Amino acid sequence: MLPELPEVETVCRGMILAMEGDIISSVDIRRPNLRWPFPVKMKERISGAKVNSLTRRAKYILINLSSDETLILHLGMSGRILIDEKKKSILDKGDNVFGKHDHVTFYMKSGTTVTFNDPRRFGAIDLIETEHCDKHWLLSKLGPEPLGNSMNANYLFDALRHKTTSIKVALLDQKVVSGLGNIYVCEILFRVGISPRRIVKNLSMRTVSRIVEEIRNVLNEAILAGGSTLRDHRQTNGDLGYFQHNFSVYNREGDRCRKEKCSGFVIRLVQSGRSSFYCSKCQK
DNA sequence: CCATTAACCTGACAGC
DNA sequence: TGCTGTCAGGTTAATG
């Protein structure tokens with residue numbers, strides 16, 4: 001399970017089933033930090049609180065607690081949420097069921113365990129007064145949600161009109177649009193039929209409209225695919241989510257272009273240290 | 001302002 | 001088998 005927006009959305013839906021309305025009876029914290037140190041007295045501040053609601057902002061998971069604080073989770077590059085009802089009973093017998101990278105476990109009153117697993121530890125956990133959540137340093141500079149109403153052709157055209165960066169880099173910039181990652185930006189540009197190298201200030205309103213349209217299409221399709229694998233919350237495990245079999249260009253360097261009647265091949269180029277995959281024949 | 005690079009980490013995989 | 005090098009879905013900080 002690797003976290004771009006559709007995957008985070010799917011994880012959120014699983015976590016809602018596992019946590020919303022329930023009480024966090026206890027928390028195990030098995031290391032002092034992920035990307036940054038965990039919030040001070042995290043265990044004490046969370047334990048006993050009820051999960052009032054659970055939402056997503058860009059790639060952040062926001063858990064609103066009855067204590068008027070909100071737990072902010074980010075999965076980084078390799079974070080997963082493992083939800084398991086069986087662990088509790090095994091644990092009661094004294095066996096350790098937790099793996100090397102199971103860093104934090106929330107024990108729900110219902111008996112469900114929710115574990116944050118993250119091998120690379122680029123993930124993050126923070127806790128802030130719900131009232132000030134929008135002003136949190138990780139959230140305050142985020143651009144609009146790509147699936148929200150404020151993300152439209154007029155907004156994006158304005159956001160891009162003075163920039164000299166490439167469209168690939170601009171769409172990955174979380175201040176322009178929040179929540180897009182490397183895979184889906186490659187897929188979006190393939191569908192629009194433009195090169196990842198195109199300089200954004202030269203794009204026509206027509207092209208920007210197409211980009212907005214395909215952002216919506218690609219993300220919605222991926223969320224739908226993820227949702228269909230989410231039969232019940234126990235499915236929020238390592239196999240949930242990623243939809244690689246459907247990629248048109250991502251990770252297909254050297255392979256034939258999948259656009260109808262196109263005889264091109266997928267090539268890879270590096271932009272700002274990230275791989276871009278595209279067809280040089282049908283993406284101009 | 002913009003663009004690129006390094007950094008944070010571990011694991012998977014290719015090639016020798 | 002094991003070593004080495006490369007690469008990875010994200011984001012920030014530093015540098016040019």
Side-chain angles (χ1 to χ4, degrees), chain A residues 1-12 30-38 56-61 72-81 99-104 116-126 136-143 146 159-190 196-202 215 218-219 221-223 225-226 229 238-254 266-277:
Chain A
M1 162 67 223
L2 306 117
E4 283 198 36
L5 185 147
E7 291 71 37
V8 177
E9 176 64 27
T10 305
V11 166
C12 271
R30 305 187 184 87
R31 54 172 299 117
N33 62 301
L34 284 172
R35 181 162 184 186
W36 297 288
F38 290 140
R56 176 188 60 74
R57 170 77 175 103
K59 293 168 201 161
Y60 294 89
I61 298 161
I72 301 173
L73 308 186
H74 194 286
L75 300 175
M77 291 272 264
S78 57
R80 299 162 175 225
I81 298 294
K100 192 173 168 186
H101 304 299
D102 289 344
H103 306 308
V104 175
F116 193 132
N117 174 290
D118 185 9
R120 291 178 74 180
R121 310 207 301 271
F122 292 167
I125 299 181
D126 207 357
H136 190 278
W137 62 285
L138 289 168
L139 306 178
S140 63
K141 289 178 181 165
L142 291 173
L160 302 181
R161 67 190 306 174
H162 298 304
K163 290 179 94 69
T164 58
T165 48
S166 67
I167 185 63
K168 173 71 185 325
V169 171
L171 292 180
L172 282 177
D173 183 345
Q174 303 294 299
K175 296 190 288 301
V176 173
V177 200
S178 62
L180 298 183
N182 204 34
I183 293 178
Y184 292 113
V185 170
C186 291
E187 297 298 305
I188 288 159
L189 297 180
F190 169 77
R197 318 165 75 128
R198 287 278 290 275
I199 300 306
V200 293
K201 68 176 181 181
N202 301 326
I215 287 173
V218 166
L219 294 182
E221 284 171 31
I223 290 169
T229 72
D239 295 328
L240 176 143
Y242 254 80
F243 320 123
Q244 346 208 5
H245 39 284
N246 291 331
F247 297 154
S248 295
V249 282
Y250 183 79
N251 214 15
R252 294 191 63 241
E253 184 180 15
V266 176
I267 56 179
R268 183 177 85 104
L269 99 133
V270 176
Q271 295 175 287
S272 300
R274 314 291 307 275
S275 289
S276 295
F277 298 89

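Lettering of chains follows the sequences in order, A, B, ..., and the numbering in each one begins at 1. Since the structure is predicted, the reported quantities are computational estimates derived from the model, not experimental observations.
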Heavy-atom count check: over 12 atoms from other residues, nucleotides or ligands less than 6.0 Å from Arg57(A) CZ? yes

Give the minimum heavy-atom separation between Val249(A) and Cys186(A), together with the two atoms involved. CG2-O, 3.6 Å

If you define the side chain from C-beta out and look only at heavy atoms, does anything of Asn182(A) sit under 4.5 Å from Lys168(A)? yes

Is there a side-chain contact between Asp118(A) and His101(A), using heavy atoms and a 4.5 Å cut-off? no

Nearest-Å distance, CD (Glu253(A)) to C1' (dA8(C))? 14 Å

Phosphate OP1/OP2 of dC7(C) contacted by Ser275(A) side-chain N/O (<4.0 Å): no

Are Phe116(A) and Leu75(A) close enough that some pair of their side-chain heavy atoms sits under 4.5 Å apart? yes

How many Å lie between CG on Leu180(A) and C1' on dG10(C), as a whole number? 13 Å

Quick one, Pro3(A) and Lys59(A) - any side-chain contact, counting heavy atoms below 4.5 Å? no

Nucleotide forming a Watson-Crick or wobble pair with dC9(B), both distances under 3.5 Å: none

Please produce a list of atom pairs where a protein N or O lies less than 3.5 Å from an N or O of nucleotides 8-10 of chain B.
{"unit_1": "dC9(B)", "atom_1": "O2", "unit_2": "Arg120(A)", "atom_2": "NE", "d": "2.9"}
{"unit_1": "dT10(B)", "atom_1": "OP1", "unit_2": "Arg121(A)", "atom_2": "NH1", "d": "3.4"}
{"unit_1": "dT10(B)", "atom_1": "O4'", "unit_2": "Pro119(A)", "atom_2": "O", "d": "3.4"}
{"unit_1": "dT10(B)", "atom_1": "O3'", "unit_2": "His101(A)", "atom_2": "NE2", "d": "3.3"}

Distance, P atom - from dC9(B) to dA14(C), rounded to whole angstrom: 15 Å

Within the 4.0 Å heavy-atom criterion, would you say Thr164(A) contacts the bases, only the backbone, or no part of the nucleic acid? sugar-phosphate

Is any side-chain nitrogen or oxygen of Lys163(A) closer than 4.0 Å to OP1 or OP2 of dC1(B)? no

To the nearest angstrom, the NZ-C1' distance between Lys175(A) and dC1(B) comes to 12 Å

Could you tell me whether the phosphate oxygens of dT11(C), OP1 or OP2, come under 4.0 Å of any side-chain nitrogen or oxygen in Gln174(A)? yes

Rounded distance in Å - CD (Glu7(A)) to C1' (dA8(C)): 14 Å

Using whole Å, report how far CG of Asp126(A) lies from P of dT11(C). 16 Å

Mind checking the CZ-CD spacing from Phe247(A) to Glu187(A)? Nearest 0.5 Å is all I need. 6.0 Å

Rounding to a whole Å, what distance do you find between Asn182(A):CG and dA8(C):P? 8 Å

Would you kindly give the CZ-to-P distance between Arg274(A) and dT12(C), to the nearest whole Å? 13 Å

note: Trp36(A), atom CH2; dG10(C), atom P; distance rounded to Å ~ 14 Å

